[in-house]
Peer 1: 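Pasting a structure here, questions to come.
Every number for a ligand or one of its atoms is a count from 1 in the order of the listing.
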Amino acid sequence: MKILVTGGAGYIGSHMVKALGEKGNHDIVVYDNLSTGNKDSLLYGRLVTADLSDMQTLDALFRAEKFDAVVHFAAHIVVDESVRNPIKYYRNNFSNALNLIEACTRHHVTEFIFSSTAGVYGIPEKMPVAEDAFLRPINPYGASKLMVEQALRDVSLSSDLRYVALRYFNVAGADPLSRIGQRYKEATHLITVSLRTALGLREQLNIFGTDYDTPDGTCIRDYIHVDDLVNAHLLALDYLLAGNRSRVFNCGYGHGYSVREVAEKVKQVTGVDFKVNETARRIGDPPSLIADCSRIRDELGFQPAYDDLEYIIKTAWQWEKKLRRKE
Ligand code: UDP
């Protein structure tokens with residue numbers, strides 16, 4: 001199989017490339033503009049350094065290679081940045097995704113896996129949230145991802161394209177051998193920020209909001225290890241290649257942890273009692289997001305292997321320490 005992985009030099013994309021490479025039977029082409037990704041995160045595959053806004057390069061690539069499937073990770077992911085700079089998000093996450101979808105239809109590539117987000121739900125009425133819940137994103141990041149889902153649905157109805165959209169909950173952790181992990185210098189995600197605080201790279205961890213309607217007042221998230229998430233992609237790929245219909249699946253574990261619980265666990269794993277500061281809410285944050293995972297379990301046979309916050313944090317901690325030694 002020849003597979004195009006956009007954003008394959010990024011955090012989740014590089015773990016996907018690793019998993020595809022380890023299967024041994026795939027020809028992997030990575031398309032990445034290296035804006036946040038790194039060349040040396042690629043354990044396998046060939047890299048095309050280009051932007052998805054560059055329709056000419058995309059077209060030439062699709063003409064030269066006959067892809068069996070596309071896995072689309074390349075996107076901006078910082079929620080509060082999307083609130084401050086929505087055009088950046090609509091342009092890259094939506095408009096550039098549309099270029100890629102168009103290239104697929106023009107060159108008869110019919111299998112497409114899309115990195116979507118639990119952010120498409122906004123503030124769900126029911127928790128855990130299932131795929132058929134109302135879709136009312138509360139920030140441009142979630143909205144830009146939902147627009148891609150809608151485009152995929154419409155294009156799939158008017159062409160041979162079939163897709164799986166995977167709605168990620170909170171992805172964390174790293175390769176257990178610490179070869180790859182989150183490299184983004186300006187990381188904003190809770191586990192990475194906490195670990196970098198434990199390493200002394202930040203003075204303190206700010207907890208954004210302690211007055212939410214949750215048991216300890218801080219937000220609750222469903223954290224999934226990146227290697228489990230990648231396994232969900234492999235299952236989705238097999239599902240599409242077997243000729244199955246387009247489908248949307250949640251990717252999480254079905255239970256969550258509060259910000260305070262995560263901060264405590266990071267302290268325990270690292271052995272560092274770093275400073276925690278309670279601050280105001282961050283814009284665009286829903287109080288609680290937990291996946292109803294029954295669909296992916298029942299239809300794709302997804303079984304998590306790393307549903308353990310301590311393991312998630314440990315693998316990320318090993319990686320962060322290695323990253324510091326490298327830099
Ligand atoms: N969070 C926090 N301090 C930080 C980073 C995140 O309190 O330095 C909180 C954030 O407000 C949210 C939760 O941790 O409630 C998870 O945020 P993250 O950015 O990791 O992921 P998101 O859920 O926004 O995709």
Peer 1: To which protein heavy atom is atom 23 (O) of ligand 1 closest, and what is the distance rounded to 0.1 Å?
Peer 2: R221 NE, 2.7 Å

Peer 1: I'd like to know whether CD1 of I87 has more than 12 heavy-atom contacts from other residues, nucleotides or ligands below 6.0 angstrom.
Peer 2: no

Peer 1: To check you understand the geometry: which heavy-atom pair defines the closest contact between C104 and L161, and what is its length?
Peer 2: CB-CD1, 4.0 Å

Peer 1: Heavy-atom pairs closer than 4.0 Å: do any link ligand 1 to the side chain of L289, the backbone, both, or neither?
Peer 2: neither

Peer 1: Using the ring of F274 (Phe, Tyr or Trp, six-membered ring only), decide whether K267 places NZ or CZ under 6.0 Å from its centre and within 45 degrees of its axis.
Peer 2: yes

Peer 1: Give me the nearest non-hydrogen protein atom to atom 24 (O) of ligand 1 as residue plus atom name, then the distance to 0.1 Å.
Peer 2: R282 NH2, 2.9 Å

Peer 1: Please report whether the ring centroid of Y311 lies less than 6.0 Å from that of Y306.
Peer 2: yes

Peer 1: Going by the atom numbers of ligand 1, which of them fall below 4.0 Å from some non-hydrogen atom of V193?
Peer 2: 8 (O)

Peer 1: Can you report which non-hydrogen protein atom sits closest to atom 3 (N) of ligand 1, along with the distance?
Peer 2: N206 O, 2.6 Å

Peer 1: Using a strict 4.0 Å cut-off to heavy atoms of I207, name the atoms of ligand 1 that fall inside it.
Peer 2: 7 (O)

Peer 1: If you count the non-hydrogen atoms of other residues, nucleotides and ligands that lie under 6.0 Å from NZ in K66, is the total more than 12?
Peer 2: yes

Peer 1: Do E22 and Y44 pair up side chain to side chain, a donor and an acceptor below 3.5 Å, judged on atom types alone?
Peer 2: no

Peer 1: Give the residue, atom name and distance (to 0.1 Å) of the protein heavy atom nearest atom 4 (C) of ligand 1.
Peer 2: F208 CE1, 3.3 Å

Peer 1: Please step through side-chain contact (heavy atoms from CB on, under 4.5 Å) for the pair R46 and E65, ending with a clear verdict.
Peer 2: CA-CA 12 Å; R46 292 177 276 145; E65 315 267 359; 2.9 Å; yes

Peer 1: What part of L190, side chain from CB on, backbone N/CA/C/O, both or neither, has a heavy atom under 4.0 Å from ligand 1?
Peer 2: both

Peer 1: Any atoms of ligand 1 less than 4.0 Å from a non-hydrogen atom of L205? List them with their elements.
Peer 2: 8 (O)

Peer 1: Write out the residue and atom name of the closest protein heavy atom to atom 11 (O) of ligand 1, then the distance separating them to 0.1 Å.
Peer 2: D285 OD2, 2.6 Å

Peer 1: Any nitrogen or oxygen of Y223, side chain or backbone, less than 3.5 Å from one on ligand 1?
Peer 2: no

Peer 1: Please indicate whether any nitrogen or oxygen in C219 is less than 3.5 Å from any nitrogen or oxygen in ligand 1.
Peer 2: no

Peer 1: Is it true that the side chains of H255 and D307 contain a donor and an acceptor less than 3.5 Å apart?
Peer 2: yes

Peer 1: In terms of residue, atom name and distance, what is the protein heavy atom nearest to atom 9 (C) of ligand 1?
Peer 2: V259 CG2, 3.7 Å

Peer 1: Looking only at protein heavy atoms, which one is nearest to atom 5 (C) of ligand 1, and how far off is it?
Peer 2: T188 O, 3.3 Å

Peer 1: Please find the pair of heavy atoms, one from A172 and one from I191, that lie closest to each other, and give the distance.
Peer 2: CB-CD1, 3.7 Å

Peer 1: For ligand 1, note which part of N170 has a heavy atom under 4.0 Å away: side chain, backbone, both or neither.
Peer 2: side chain

Peer 1: Check each heavy atom of H189 against ligand 1 and say whether those closer than 4.0 Å belong to the side chain, the backbone, both or neither.
Peer 2: both

Peer 1: Do F73 and H233 have ring centroids that are under 6.0 Å from one another?
Peer 2: yes

